[in-house]
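Have a look at the structure below, then the notes.
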Amino acid sequence: MIKQAEQTNIAAEPVARSESIQDAGTTNTGEQKQATGKQLVAIIFILSLATKMFLLPIFLIQSTGRDAYIIVSVFCAFDLITLAITLVTMRLANVDFFELITSVTGKVGAKIIVSVIGIFLFFKLNISVAEILAFYGTNVFTDFDTSLMVIVLLVFLAAAGTHTLRALCRLNELLVPLIVLCLFILVSIVVMTGFDLANIFPAVRDPGDFSDGLVHYGSWIGDFTPLVLFIGRTKTKKRTGIFAVASGTIGSAVAVFFALVLSAAFGNVPSLVDSTTNLSNILQFTVGNMYGRLDMFSSILWSVSVFIEAALFFYSTCRCISFVIGKNTHVIISLCTSVAVYAVQVFALIDPTIFSTVVTSLACSVTVPIITLAIPVLALICALISRKRQRLLK
């Protein structure tokens, strides 16, 4: 019996070694097929709501006035195109995103590409974190130090970075009913209250301001980028793609609807919109106070969505770093990423003016849409090449 046990242990050693080597080369070990189609649909719905319902409409109204909702519509349409490309790639690919890129571009090329993607995800992560801090600093904890507030947020994000994709998906499933409930109540109240659509006509009154808003706010494009990590790791069914597209379309329509409501109210409260980013005050003036604290529902809706989005961007950033360095030390990587986010938020973007200047700069606003489209297109090309190679081998 002892000899048999020793032989079993000896036979198991090469397997363990091979698994450890595999762990260093990929971040997908032990995480295959962790997301279900329903979880993917739910996450797409949340991502479509997250960052396009807070600062973006306010910034656009400040710069373009009543045409803000049109620009939000253009951005949502662009993101839906990238979503469709990503979903097609999910149907074609049998391996995860990192293995897919490596199989076509090689290890060195893949690490260079993933490094660029990681920097992009880190940039988008900081936009989400900055919006969370701006919202809670303006609406909730007005006397709370931002440098302490960001630490509390980063504890949550670091925990998300050390867990698997399955854990994030399960958390998302628990929160979706709350989001849908708040969304239903909020939409019902806005519809019953009514809003003056005449304020948005005629469209594009000032073509110069409209073009300026369209060009300088492209940093808010790319909400669906983290979904590339779902490639090869999602249990998709025949109709998963249809439900996923429908989910993204409905969520985008909701974001456009609220941008439309705020744009219609611009003519009535231009001084308020020009002087603050307090979403609660703007919503109160938009639909009136007859229904009480309407902003509570919008706050819950937006807060939950953006927390999930920030967690997904953080998780994706950490997995990109893990792939580039070739190690799965998720705890250390999460802690280092948290420190980097803290440094950016406290020392670089602490001033809202600096944040606005950075994200609306021409360099960021042009680069973000290009990378946003390039990532799913690259994944799709690699998936097509990989399938062609498999057919040739057969």
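This chain uses plain numbering: 1 for the first residue, then up along the sequence. Worth knowing before you read on, the calculation uses all heavy atoms, side chains too, and leaves out hydrogens, waters and symmetry mates.
Distance alone, capped at 3.5 Å, is enough to place a donor-acceptor pair between the Ser115 side chain and the Lys111 backbone. With hydrogens and angles disregarded, no donor-acceptor distance shorter than 3.5 Å links the side chain of Thr162 to the backbone of Val331. The main-chain N or O of Cys318 is never found under 3.5 Å from a side-chain atom of Ser322 such that the two would form a donor-acceptor pair. With hydrogens and angles disregarded, no donor-acceptor distance shorter than 3.5 Å links the side chain of Asp67 to the backbone of Ile70. Here the side chain of Ser386 pairs no donor or acceptor atom with the backbone of Cys382 at under 3.5 angstrom. In this structure a side-chain-to-backbone donor-acceptor pair under 3.5 Å is present from Ser247 to Phe45. For the pair Thr367 (side chain) and Cys364 (backbone), a donor-acceptor distance under 3.5 Å is absent.
Here the CG atom belonging to Leu100 is positioned 9.0 Å from the CD1 atom belonging to Ile385, to the nearest 0.5 angstrom. Rounding to the nearest 0.5 Å places CD1 of Ile113 at 11.5 Å from SG of Cys320. From Tyr315, atom OH reaches atom CG of Leu229 across 6.0 Å, with rounding to the nearest 0.5 Å. Taking CG of Leu49 as the reference point, atom CD1 of Ile308 lies at 12.0 Å (rounded to 0.5 Å). A distance of 10.0 Å separates CG in Leu60 from CG in Asp212, rounded to the nearest 0.5 Å. Going from atom SG of Cys76 over to atom CG of Asp223 covers 8.0 Å, rounded to the nearest 0.5 Å.
For Asp79 against Ile221, the heavy-atom pair with the smallest separation is OD1-CG2, 3.3 Å. Closest heavy-atom contact between Val245 and Leu87: CG2-CD1, 3.5 Å. Scanning all heavy atoms of the two residues, the minimum distance from Ser365 to His216 falls at OG-O, 2.8 Å. Among all heavy-atom pairs drawn from Arg91 and Lys237, the shortest one is NH1-O, 3.2 Å. Heavy-atom minimum distance, Gly251 versus Ser48: CA-OG, 3.0 Å. The two residues Met90 and Ile231 make their nearest non-hydrogen contact at CG-CG1, 3.9 Å.
In terms of hydrophobic clustering, with Ile, Leu, Val, Met, Phe, Trp and Tyr side chains grouped at heavy-atom distances under 4.5 Å, Val104 and Leu380 are assigned to a common cluster. Ile321 is not connected to Val108 by any chain of hydrophobic side-chain contacts under 4.5 Å among Ile, Leu, Val, Met, Phe, Trp and Tyr, and they are in different clusters. When hydrophobic clusters are built by joining Ile, Leu, Val, Met, Phe, Trp and Tyr residues whose side-chain heavy atoms come closer than 4.5 Å, directly or via intermediates, Ile242 is not grouped with Phe230. No path of Ile, Leu, Val, Met, Phe, Trp and Tyr side chains, each step under 4.5 Å between heavy atoms, connects Val116 with Ile119, placing them in separate hydrophobic clusters. In the hydrophobic clustering of ILVMFWY residues, with side-chain heavy atoms under 4.5 Å counting as a link, Val368 and Val377 come out together.
Between Thr64 and Tyr217 there is no side-chain heavy-atom pair separated by less than 4.5 Å. The shortest distance between side-chain heavy atoms of Leu157 and Val129 falls below 4.5 Å. Between Phe75 and Pro369 the shortest side-chain heavy-atom distance does not fall below 4.5 Å. Residues Leu312 and Ile46 are not in side-chain contact: their nearest non-hydrogen atoms beyond the backbone lie 4.5 Å or more apart. Contact annotation: the side chain of Ser252 approaches that of Leu80 to within less than 4.5 Å [non-hydrogen atoms, C-beta and beyond]. Side-chain contact between Thr372 and Phe120 is present, with at least one heavy-atom pair separated by less than 4.5 Å. With contacts defined as side-chain heavy-atom distances shorter than 4.5 Å, the pair Ile101/Phe323 does not qualify.
Checking each of Thr36, Val41, Leu40 against Lys38 for a side-chain contact (heavy atoms from CB on, under 4.5 Å) leaves exactly one that passes, namely Thr36.
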field: Test side chain to side chain contact (heavy atoms under 4.5 Å, CB included) applied to Glu131 and Trp220, step by step
entry: CA-CA 11 Å; Glu131 288 203 354; Trp220 273 268; 2.6 Å; yes
message: Would Ile85 and Leu373 count as a side chain to side chain contact (heavy atoms under 4.5 Å, CB included) here? Give the steps.
response: CA-CA 9 Å; Ile85 298 173; Leu373 183 61; 4.1 Å; yes
task: Go through Ser219 and Ile127 one step at a time and tell me if the side chain to side chain contact (heavy atoms under 4.5 Å, CB included) criterion holds.
output: CA-CA 9 Å; Ser219 294; Ile127 291 180; 4.0 Å; yes
Worked verdict on Val341 versus Phe122 for side chain to side chain contact (heavy atoms under 4.5 Å, CB included): CA-CA 8 Å; Val341 173; Phe122 183 74; 3.6 Å; yes
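Listed by chain and residue number, nothing satisfies the ring-ring contact (aromatic ring centres under 6.0 Å, His included) test with Phe78 (two or more places apart in sequence, or in another chain).
Applying the 4.5 Å side-chain rule to ILVMFWY residues, one finds Val215, Val366, Ile370 in the same cluster as Leu362.
Aromatic ring orientation, Phe156 versus Phe307: perpendicular (interplanar angle above 60°, classes split at 30° and 60°).
Counting only residues at least two apart or in different chains, side-chain hydrogen bond (donor to acceptor under 3.5 Å, both in side chains) contacts with residues 117-127 comprise Asn126-Gln345.
The local environment of CD1 in Ile332 is sparse, with at most 12 non-hydrogen atoms from other residues, nucleotides or ligands closer than 6.0 Å.
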